[in-house]
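Heavy-atom basis, side chains included; hydrogens, waters and symmetry copies ignored. Quick note on labels: first sequence line is chain A, next is B, and so on, each numbered from 1.
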There are 2 protein chains.
Amino acid sequence: MTRPVHRVAPRTDGPIRQDGLRAHNLVLTFRQIAGARDAPISRSELAAATGLTRPTITRIVDELLAAELIVEAGPSRSGGSGRPRVGLSLARSGPAGLGLDIRADVLSACVVDLTGTVRHLEFADRPGAGPEAVLGGLAAMAGRAVTAAAAENLTVVGVTLAVPGPVRDDAVVRLAPALGWRDVNAGAALSGRLGLPVHVGNDARLAALAEWYAAGPELRDFVCVSGEFDIGAGLVLDGAQLDGWAGELGHVMVGSGGPPCVCGATGCLQCYAGLESILAASGDRGAGSPEVARSPAVAIDALVSAGDPRILAALDEAATALGIAIAGLVNLVRVDTVLLGGGYALLASWLIDGIHRELRRRVLRTGWSPVEVRPAPLGPDAAVIGAALSAVDRVRRDPNGWLARLHR
Amino acid sequence: MTRPVHRVAPRTDGPIRQDGLRAHNLVLTFRQIAGARDAPISRSELAAATGLTRPTITRIVDELLAAELIVEAGPSRSGGSGRPRVGLSLARSGPAGLGLDIRADVLSACVVDLTGTVRHLEFADRPGAGPEAVLGGLAAMAGRAVTAAAAENLTVVGVTLAVPGPVRDDAVVRLAPALGWRDVNAGAALSGRLGLPVHVGNDARLAALAEWYAAGPELRDFVCVSGEFDIGAGLVLDGAQLDGWAGELGHVMVGSGGPPCVCGATGCLQCYAGLESILAASGDRGAGSPEVARSPAVAIDALVSAGDPRILAALDEAATALGIAIAGLVNLVRVDTVLLGGGYALLASWLIDGIHRELRRRVLRTGWSPVEVRPAPLGPDAAVIGAALSAVDRVRRDPNGWLARLHR
DNA sequence: CCAGTTACGTCAATCTCTGAAACAAATCCC
DNA sequence: GGGATTTGTTTCAGAGATTGACGTAACTGG
């Protein structure tokens, strides 16, 4: 029986030589182990799942064990007779990823190990001034996180910073209106301070990665809509995240007229369904205050609990706008699930019906294959966690790099 | 120097054995030859491009020559001294693909060879009645095309039918309002009559494939918007077509109110920018008549030439609507080129400015990386040609299947 | 306690590519 | 015409990887 995994097949570009073959099969085996997640997988099962023979699996497993990328669990058998199978699973020590995130009023840092488990999660107030101060704060947090990781036998192999906005070359923040950043080379700045490779990624994309890990392999085709001020959509399609996906959902047109968006156009989704816009539409009460800035979703939730009728109307309007934008997305991309992430996770119960209504109206496909809309379990922390996962994911995708490090 | 190719890397899912290695390197070499297109490539260049050694290339090339998948061109050298290099290029006989398309009032069939050259293109009136009559007409055309291909030493290895609408399992037409079809298993029906594997694909997707071939390897990230009544968008991203891309652009919302669309909602792009809608908006003159049905784009063009002011207004409105929808798409997917295909190719000069205007307004990215909009060279025939290409593409992607056929 | 069963490890055989070298072929340049 | 140059073919030994067969380990059930 083939076990489900996130992605089995390594991509081999270029010629394969004998050693390339070896590397390929090692990656294949490793991913199978990673895909097994909670349930440790035995050597025989690996042989069946990968199509390799048992001797080959033995050799590869030995190599992975020597590198301490995987560990042998105690003998665990499902029932039959015979020698019990030895479970193999990812090591909980060794390589780790460090994620950083900048939210409205708070910085966060997160360390995950190879298994995707969160081992460290820390928050700090966000320094108000320009990029320099923020990057300094992030670097300090990152330093603390690296030592905390080392104390648990974890080696941080890479850092990823999540930012709300488009990114160029995995390093330069093109434009992040929520931060007031424009063409900031955050990758180089942090990399210089930390002495580690730093990638910069879009927060919605990274949030989708975290939700994907958390949800398990059944979730193969979905978007995760998230954001506080900007609205982004992370995509997983056919069990993979897509290079070339921009996901700037916030600037999809959902209505005519209205106030101009930061982008200059009118009718952008953000102006109807951004959390700040929802607050403003509900009567502007408290918008701009510190506690609202810290978490506008909580502020909205509080208003709802207080029974404010205007916030319900604003949420309804936001749901319609989100529904229209998501309908456009779902018409273009064949996903079967929509996760409401970030701040929307908290507000999902007031949004889902309205979104569903628009999807049913505007997406032909819902007639024969329904689209599910549900809150994303990780909520606002998804982006940091996703950033950390993306950093360690490089080892997961190609463990040969980690092996090479040991042979030196 | 590495030559540009559409996609160099074969995707190898599953384990690689020693013989798999051999197959992999053969595919690699074959694709390099296919990618060279017009300019034949020599064995030495292949060695340099693939990273394999010359003896290995010699062996692989011998195998491909024996299978008659490639041919040696006359000695062609670029200038230096020494023995002239022998150019290798794809054979113009051997495997071929057959494409079928159903347009408003006309059926078409097309045969392309391995090189992607159109070797046969035929049109026929579309029988009016239900799916059965249409499929019968297609089967008859397909039969003629297969014999015509055989006369030129071509073996049709697969058939693809293009339909305007979503398709399930490469075989069943989910819904094609323009044809009045719903859940028609066209794949099984045609396959039964022809005795060949028949796949069914979305016309916009296949049109994008054809335009991609025609444009050459520089075009790596684009959408091709096309359609007569329905509007679809085919996508090529990062040099590959995407499984999971639906591309139903026609039902993206671009305005509020207006008449209800066939999908039930209001404000769909199709209602503003469908060719029939443009005609209707211009004063409904001749809409529904046979010559308009045969080619609404030609009818529109004729009105423009006649200096009708209302058609210009309708085109301007259509351009704005297209611009809004395409802006939404471009916000989600990082493409740098938009091709106006199908009927829009003919009308491009009256549409491009309006589309550009909306893109500049609504797509953040245009500030630093401009998006080009231009007519698609193949126009309305792109879908049939793309269908034929997609059929022969299976051999191009994995020539080992064709080799195995010979060894039997 | 022993047979049956399943899991895992070891060994020679086989396959493919590499690298070097020698060689043949075809052209350019002097 | 002869030398230089580049391309393509052939040969050989060698390395690396997988396979297939056999042997060993460990547990269940009677």
Using whole Å, report how far [atom1] of [X] lies from [atom2] of [N].
{"X": "A/H24", "N": "D/dG16", "atom1": "NE2", "atom2": "C1'", "result": "16 Å"}
{"X": "A/D62", "N": "C/dG9", "atom1": "CG", "atom2": "C1'", "result": "9 Å"}
{"X": "B/L65", "N": "D/dG8", "atom1": "CG", "atom2": "P", "result": "12 Å"}
{"X": "B/E72", "N": "D/dT7", "atom1": "CD", "atom2": "C1'", "result": "12 Å"}
{"X": "B/R54", "N": "D/dT11", "atom1": "CZ", "atom2": "P", "result": "16 Å"}
{"X": "A/I57", "N": "D/dT18", "atom1": "CD1", "atom2": "P", "result": "9 Å"}
{"X": "A/E63", "N": "D/dT18", "atom1": "CD", "atom2": "P", "result": "10 Å"}
{"X": "B/L46", "N": "D/dT6", "atom1": "CG", "atom2": "P", "result": "19 Å"}

Just N and O in the side chain of [X]: are any of them under 4.0 Å from OP1 or OP2 of [N]?
{"X": "A/T56", "N": "D/dA17", "answer": "no"}
{"X": "A/T58", "N": "C/dG9", "answer": "yes"}
{"X": "A/R43", "N": "C/dA7", "answer": "no"}
{"X": "A/N25", "N": "D/dT18", "answer": "yes"}
{"X": "B/T53", "N": "C/dC17", "answer": "no"}
{"X": "B/R85", "N": "D/dT7", "answer": "yes"}

Worksheet entry | SB check B/R205 B/D243 (cutoff 4.0 Å) |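 Salt bridge between B/R205 and B/D243, a charged N being under 4.0 Å from a carboxylate O: yes.
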Practice prompt. Please determine if B/E72 and B/R43 form a salt bridge, counting it only when a charged side-chain N lies under 4.0 Å from a carboxylate O.
Written response: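 Judged by the 4.0 Å cut-off on N to carboxylate O distance, B/E72 and B/R43 do form a salt bridge.
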Worksheet entry | Side chain proximity check, A/L88 to A/L46, heavy atoms < 4.5 angstrom |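 Yes; the side chains approach each other to less than 4.5 Å.
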Discussion item. Holding to salt bridge (charged side-chain N to carboxylate O under 4.0 Å, His left out), I want the full list of residues that pass it with A/R394, two or more places apart in sequence or in another chain.
Written reply: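 Per chain and number, A/R394 pairs via salt bridge (charged side-chain N to carboxylate O under 4.0 Å, His left out) with no residue.
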Fill in: Separation of B/I57 CD1 from B/S44 OG (nearest 0.5 Å)
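Atom-to-atom, B/S44:OG and B/I57:CD1 are 9.5 Å apart.
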Worksheet item: Closest nucleotide of DNA chain C for B/R59 versus for A/S44: which of these residues is on the 5' side?
Response: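 First, find each residue's nearest nucleotide; the 5'-ward one identifies A/S44.
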